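Nothing here was measured: the structure is a model prediction, and the numbers come from that model.
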Amino acid sequence: LASTWNRELLAQTGNVIGREAAAHHVNVVLGPAVNIKRSPLGGRNFEYYSEDPYLVGELATAYINGLQAHQVGASIKHFALNNQETRRMNVNVHVDERTMHEIYLAGFKKAITTAKPWTVMTAYNRVNGEYASNSHLLLDILHKDWQYQGAVISDWTAVDDIIASLKAGLNIEMPGNQAVTPAIVKQALADGSL
């Protein structure tokens with residue numbers, strides 16, 4: 001799709017998926033995945049659009065607009081810097097601010113601020129030492145800088161520290177750890193740490 005450089009085609013693709021999802025009573029589609037392709041060995045490259053941040057942002061925006069026209073939400077993912085499958089659950093991506101903003105976050109920023117996807121899904125990896133689900137990127141960039149108003153959800157089992165994640169701006173832990181999470185949250189509310 002990205003090789004076409006065709007925004008209209010991406011909007012039509014989102015439109016078709018939105019119609020089909022609505023027909024099956026699906027509320028949110030887990031996509032688009034807009035991480036930057038950095039290696040030909042990236043195991044999820046088939047989901048990502050491109051290695052070009054401008055192209056990624058333009059096409060993701062078109063897709064999200066087409067999808068959400070049917071009252072089916074997009075879940076743009078994987079926020080952020082998820083570019084490899086090897087050690088995906090614990091890799092620590094070290095990146096300077098300029099590179100992060102100009103390459104890795106630019107596509108997210110365009111799509112999130114323009115198309116306003118219903119949800120943003122966090123990644124498994126760490127970014128400069130912080131797990132994506134409890135990274136300052138959620139509060140400082142996504143919520144404050146970009147004024148994101150939708151729901152922030154974790155990738156499945158990607159929450160390392162639920163209290164830190166909630167403080168950072170995570171709204172929904174997926175799939176939810178009902179055996180552990182409610183008690184931890186209640187205790188944090190009771191002791192004032194949350």
Side-chain angles (χ1 to χ4, degrees), residues 1-4 6-35 37 42-50 55-80 82 85 88-89 107-125 131-135 137-139 142-143 146-160 162 165-166 168-186:
L1 287 170
S3 295
T4 68
N6 187 332
R7 292 178 189 92
E8 292 75 26
L9 180 62
L10 270 289
Q12 289 174 6
T13 302
N15 192 292
V16 168
I17 293 171
R19 282 198 320 264
E20 184 173 334
H24 290 283
H25 308 289
V26 171
N27 297 314
V28 175
V29 171
L30 301 179
V34 299
N35 294 101
K37 294 182 180 186
R44 307 272 305 254
N45 279 353
F46 68 92
E47 282 188 90
Y48 302 151
Y49 291 126
S50 175
L55 181 62
V56 166
E58 292 293 317
L59 298 183
T61 297
Y63 171 87
I64 293 167
N65 286 334
L67 177 73
Q68 292 188 163
H70 298 280
Q71 297 303 302
V72 173
S75 185
I76 193 169
K77 60 183 187 174
H78 302 92
F79 192 75
N82 177 255
E85 287 300 291
R88 176 182 189 208
M89 304 296 266
F108 279 102
K109 181 179 182 181
K110 169 66 176 180
I112 289 169
T113 59
T114 306
K116 301 184 183 350
W118 289 9
T119 74
V120 171
M121 181 187 290
T122 64
Y124 288 113
N125 55 278
Y131 278 103
S133 64
N134 64 326
S135 170
L137 299 177
L138 299 181
L139 192 58
L142 187 61
H143 290 299
W146 299 351
Q147 298 293 299
Y148 181 65
Q149 299 295 310
V152 178
I153 66 172
S154 72
D155 205 339
W156 271 236
T157 69
V159 173
D160 177 65
I162 188 61
S165 294
L166 291 170
L170 185 78
N171 300 113
I172 302 170
E173 176 188 22
M174 291 301 293
N177 190 345
Q178 294 304 310
V180 176
T181 299
I184 293 171
V185 172
K186 285 178 187 175

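Taking 4.5 Å as the limit, some side-chain heavy atom of E58 sits within range of a side-chain heavy atom of K110. Residues N15 and H70 form a side-chain contact, since some pair of their non-hydrogen atoms from C-beta on lies under 4.5 Å apart. Between T157 and M89, the closest side-chain pair of non-hydrogen atoms falls below 4.5 Å. Side-chain contact between Y49 and L10: present, with at least one pair of heavy atoms (C-beta onward) separated by less than 4.5 Å. W118 places none of its side-chain heavy atoms less than 4.5 Å from the side chain of L67. Between V120 and S75, every side-chain heavy-atom pair lies at or beyond the 4.5 Å cut-off. In this structure, the side chains of L1 and Y63 stay at 4.5 Å or more apart for every pair of heavy atoms.
For the pair N35 (side chain) and H78 (backbone), a donor-acceptor distance under 3.5 Å is present. Although no hydrogens or angles enter the test, the distance criterion places no donor-acceptor pair under 3.5 Å between the side chain of N27 and the main chain of Q71. At least one donor-acceptor pair closer than 3.5 Å links the side chain of Y148 to the backbone N or O of P117. No donor-acceptor pair under 3.5 Å is formed between the side chain of S154 and the backbone N or O of W156.
Put simply, CG on L170 and CE on M121 are 11.0 Å apart, with the number rounded to the nearest 0.5 Å. Taking NZ from K116 and CG from N65, the interatomic distance works out to 10.0 Å, rounded to the nearest 0.5 Å. Interatomic distance, L9 CG to T4 OG1, rounded to the nearest 0.5 Å: 5.0 Å. Note that CD1 of I162 is 9.5 Å distant from CG of N134, once rounded to the nearest 0.5 Å.
The two atoms that bring A111 and I76 nearest to each other are CB-CD1, 3.6 Å, heavy atoms only. Contact record, V72 with A21: CG1-CB, 3.8 Å, taken as the closest heavy-atom pair. Heavy-atom minimum distance, P32 versus I64: CD-CG1, 3.7 Å. Of all non-hydrogen atoms in A123 and A80, the two that sit nearest each other are CB-N, 3.9 Å. Summarising the geometry of G57 relative to T61, their closest heavy-atom pair is O-OG1, 2.7 Å, with the distance given to 0.1 Å.
Counted within 6.0 Å of NZ on K37, heavy atoms from surrounding residues, nucleotides or ligands total more than 12; the atom is thus considered enclosed.
Under the salt bridge (charged side-chain N to carboxylate O under 4.0 Å, His left out) criterion, the residue pairs touching residues 64-80 are E47-K77, with sequence neighbours excluded. Applying the salt bridge (charged side-chain N to carboxylate O under 4.0 Å, His left out) rule to pairs touching residues 16-35 yields nothing, sequence neighbours excluded.
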| task | Verify side chain to side chain contact (heavy atoms under 4.5 Å, CB included) between R44 and E85, making sure each step is shown before the conclusion. | result | CA-CA 7 Å; R44 307 272 305 254; E85 287 300 291; 2.8 Å; yes
| message | Let's go through Y124 and Y131 carefully: what are the C-alpha distance in whole Å and the side-chain angles of both, what is the deciding distance for side chain to side chain contact (heavy atoms under 4.5 Å, CB included) to 0.1 Å, and is it a yes or a no? | response | CA-CA 7 Å; Y124 288 113; Y131 278 103; over 6 Å; no
| field | Chi angles and distances behind the side chain to side chain contact (heavy atoms under 4.5 Å, CB included) call for H143, L137 | value | CA-CA 9 Å; H143 290 299; L137 299 177; over 6 Å; no
| task | Evaluate the side-chain hydrogen bond (donor to acceptor under 3.5 Å, both in side chains) criterion for residues Y48 and N82: first the C-alpha distance (whole Å), next the side-chain angles of each, then the deciding distance (0.1 Å), finally the verdict. | result | CA-CA 10 Å; Y48 302 151; N82 177 255; 2.7 Å; yes
| field | Test log, rule side chain to side chain contact (heavy atoms under 4.5 Å, CB included), inputs T119 and V152 | value | CA-CA 6 Å; T119 74; V152 178; over 6 Å; no
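Neither side chain, E173 nor S165, offers a donor N or O lying under 3.5 Å from an acceptor on the other. A donor atom on one side chain and an acceptor atom on the other are not found under 3.5 Å apart for S133 and T122.
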